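Before any comments, here is the structure.
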Amino acid sequence: MSHLDQLNSAQKEAVMATEGPLLVIAGAGSGKTRVIEHRVAHLVENGVSPEKILLLTFTRRAAGEMLRRAAGHVKAAEHVEGGTFHSFAYKMLRKYGTRVGVPKKFSILDEGDAEEAIHRCATQLGFYDKKERFPKKGALRKVVSQAFNKQLTVEAVLLREYPNFLHLADEVERLRDRYAEYKMEKGYLDYDDLLFFLLMLLQQKETQVFIAEKYSHVMVDEYQDTNRAQGEITYFLGRENRNVMVVGDDAQSIYGFRGASHENIMEFPKRFSKTKVIKLEENYRSTQDILDVANAVLDNMASKYSKEMRSAHGEKGVCPTMLFFGNSRREAEWIAGKIKELRDEGESFHHQAVLFRSTYASISLQAELARRNIPFQLFGGVKFYETAHAKDLISHLKILVNLQDELAWNRVLMLLEGIGPRTASQITDDIISVQDFSDVFEILDRHASVGRYGDGLKRLLSLLREVTHEKIPPLEQLKQVSKYYEPIFRTKFDDWPKRLNDILVLQEIVEQYKNLDQFLADFVIDPPRLGVMAEAEDHDEKPLTLSTIHSAKGLEWDYVFVIGLMEGVLPSGFALGRDDEIEEEHRLFYVGVTRAKKQLFLSASYLSSRGRFDSAHREEMGSGEISRFLTAPNVISKVEHQMFVEEDGGDDEGEVDYDDEGIGPVRRKEELW
DNA sequence: AACACAATCCTTTTT
DNA sequence: GGATTGTGTT
Ligand SMILES: Nc1ncnc2c1ncn2[C@@H]1O[C@H](COP(=O)(O)OP(=O)(O)OP(=O)(O)O)[C@@H](O)[C@H]1O
């Protein structure tokens, strides 16, 4: 029982309340996740088998952290079940999907695949034949997805996001229906379908009974990040035995763009009668100096999240620092220098993080870190599984697993010289009408008589013959495919040397699988943790973290730098002029600030690195002003300011001339604002 | 029907 | 800056 000593009384109460619905609502760093950890340990110690405990949350990163921490106290706890809602849905639907009409074998469409599918549907419906411009696939996917995630009509989403296409609501709705049919016909599920069909499954009484037997306790972390579907899923998971605990912080709700809101938290006690509500009052993460800033930020928001946070240790700490630079390269130089300095004083890279609103805000810093040989790990931005070269290779593997995979075939064929959309579609249609490889070979053989692309098809044919000839391990298959792909790869990408390493990385990942099918599923649902940049690879030292604020949720570091605090960056340019979105940006800032344990740096630079290209958007991006979240009087009065501005104002395109001296900190207080 | 090049549009955060 | 759409050529 010793682990219970690591909890305060409110936390203990939550841990000991092992029966009945429970809502833990508390500010950042108050030990909510710790409650989950210890509740798992406590349950396991009291005889609950770990497989009967289900832990869920929305983001992969938070899920990983939660599972890691939950396994930390009692050995057996490493067998608890859980992950993201999506990964749980995938596992359930694999086994029981047919009960709700999901094809027996299905594969997952990532965003790019989904867009491709939607494009095909829209083309089939003739929406691109008309003279009038029809929204492009990316926009269409967004509308369809948002309508589901926010539970809105297509019309309502259009009104908000694409008012210029409002008159096309009927067509978009027809497209949505067609897309839904298409997916069922072809055995595809997109991310939203995972939640949709899981919910459908859980609505069946027999599933509820079965789930109640399989899982005695369900816990959801970061509950404010759940949207309507996920809230319903939680409800049905707990409906039979009512042992559901959700934890969250309404002030940290930052996924409004996909339909998450604090409503689920507020509604929880209504959905589950006799819910025990526990609030945690003390903050164990940050120094009081940091919390003072965080409290001020909370106070500035339109909604009143009146949770005054105070440090449990009563530790005052170091005053947060605000830094202002002439341009983003100077910002990057200074921050990289500071990080190095801290490391040399004994604060390892691993305990420091740089956070930003969107990945592009970190580009200068990435370059600078690489230049200084500082190892870092990047979270957010383009996912490995979304890069064109990875998708090319993966498509070949998908074919091997599912010969009817139309989208994969199309992609593979389009890579060949002389084959464009038209020919690719024709050949694909022929192929998916047959059932086994020998027939496919025959079809390819037949098409290979066309001189224009015959050679390419013959190469493909011989590759396929080789990898299907006998049972060979996934890694061997991938190696063959890579060899086949190499010449295509070199022609297709001018920057292929930069991408080459990814191909080897992919092989390393595949090496761990005996089963291609499993690999392909994991690759999209639970992608391997490899944010490790090439720069970091030959270091033994654990890397620095670079992360979007979204992906930093639930995590903490001793030293945190939040960069790019300008109007148009944070708050994002997209949010300007929309009150509800500004509010969400504000919460995002709050999340960033509350990641810091010991010291917090907040930085802004007058010109972003792409500032001069962005003339088209400069207006809405807010002309280089410091973020309103920072200039609020009650915030700025709680931080120390340092200015680093050169006499000439700083030219971003200047010659590369690194000079760590020369620009001294100029302490100012009020003048600038 | 495919391709190369030019003009034009759009750019976030996650699964 | 990249992605997509349009135009002219093969
Ligand atoms: N009772 C406690 N005594 C000492 N340290 C604690 C206690 N509770 C939590 N902590 C520590 O405080 C930090 C924050 O805890 P935790 O991550 O559980 O907070 P959280 O409420 O989940 O935060 P967030 O809202 O940011 O996800 C962690 O380092 C945790 O180990």
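All chains are named by letter (A, B, ...) in the order of the sequence lines, taking the proteins before the strands, and each is independently numbered beginning at 1. Model, not experiment: these values are computed from the prediction.
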Problem - N/O (side chain, A:Thr548) to phosphate O (OP1/OP2, B:dT12) under 4.0 Å - result: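 The answer is no; no side-chain N or O of A:Thr548 sits under 4.0 Å from OP1 or OP2.
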Practice task
Check whether any side-chain N or O of A:Ser551 sits under 4.0 Å from OP1 or OP2 of B:dT14, and answer yes or no.
Solution key: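 It does, given that an N or O in the side chain of A:Ser551 lies less than 4.0 Å from OP1 or OP2 of B:dT14.
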Between [options], which nucleotide gets closest to the side-chain atoms of [X]?
| X | options | value |
| --- | --- | --- |
| A:Arg422 | B:dT12, B:dC3, B:dA2 | B:dA2 |
| A:Lys136 | B:dT14, C:dT5, B:dT12 | C:dT5 |
| A:Lys142 | B:dA1, B:dC10, B:dT12 | B:dT12 |

Handout entry: Cationic tip of A:Arg499 above A:Phe489 ring, under 6.0 Å, 45° of axis
Key =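 No; the conditions do not both hold, so A:Arg499 does not lie above the ring face of A:Phe489.
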Exercise for the section: Please answer whether B:dT14 and A:Tyr255 are stacked, defined here as ring centres separated by less than 5.5 Å and planes angled under 30°. Expected result: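 Stacking is absent between B:dT14 and A:Tyr255, given that the ring centres and planes do not meet under 5.5 Å and under 30°.
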Practice task
Would you say whether A:Tyr191 stacks on B:dT14? The test is a distance between ring centres of less than 5.5 Å and an angle between planes of less than 30°.
Solution key: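 It does not: the ring fails the test against the base of B:dT14.
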Within the 4.0 Å heavy-atom criterion, would you say [X] contacts the bases, only the backbone, or no part of the nucleic acid?
| X | result |
| --- | --- |
| A:Arg258 | base |
| A:Gly138 | nothing |
| A:Arg587 | nothing |
| A:Phe58 | base |
| A:Lys137 | sugar-phosphate |
| A:Ser87 | nothing |

Handout entry: Plane angle bin for A:Phe58 and A:His86 - parallel if under 30°, tilted between 30 and 60°, otherwise perpendicular
Key =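 Ring orientation of A:His86 relative to A:Phe58: tilted.
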Exercise for the section: Measure from NE2 on A:His586 to P on B:dT12 and round the result to the nearest Å. Expected result: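 Value for this atom pair: 23 Å.
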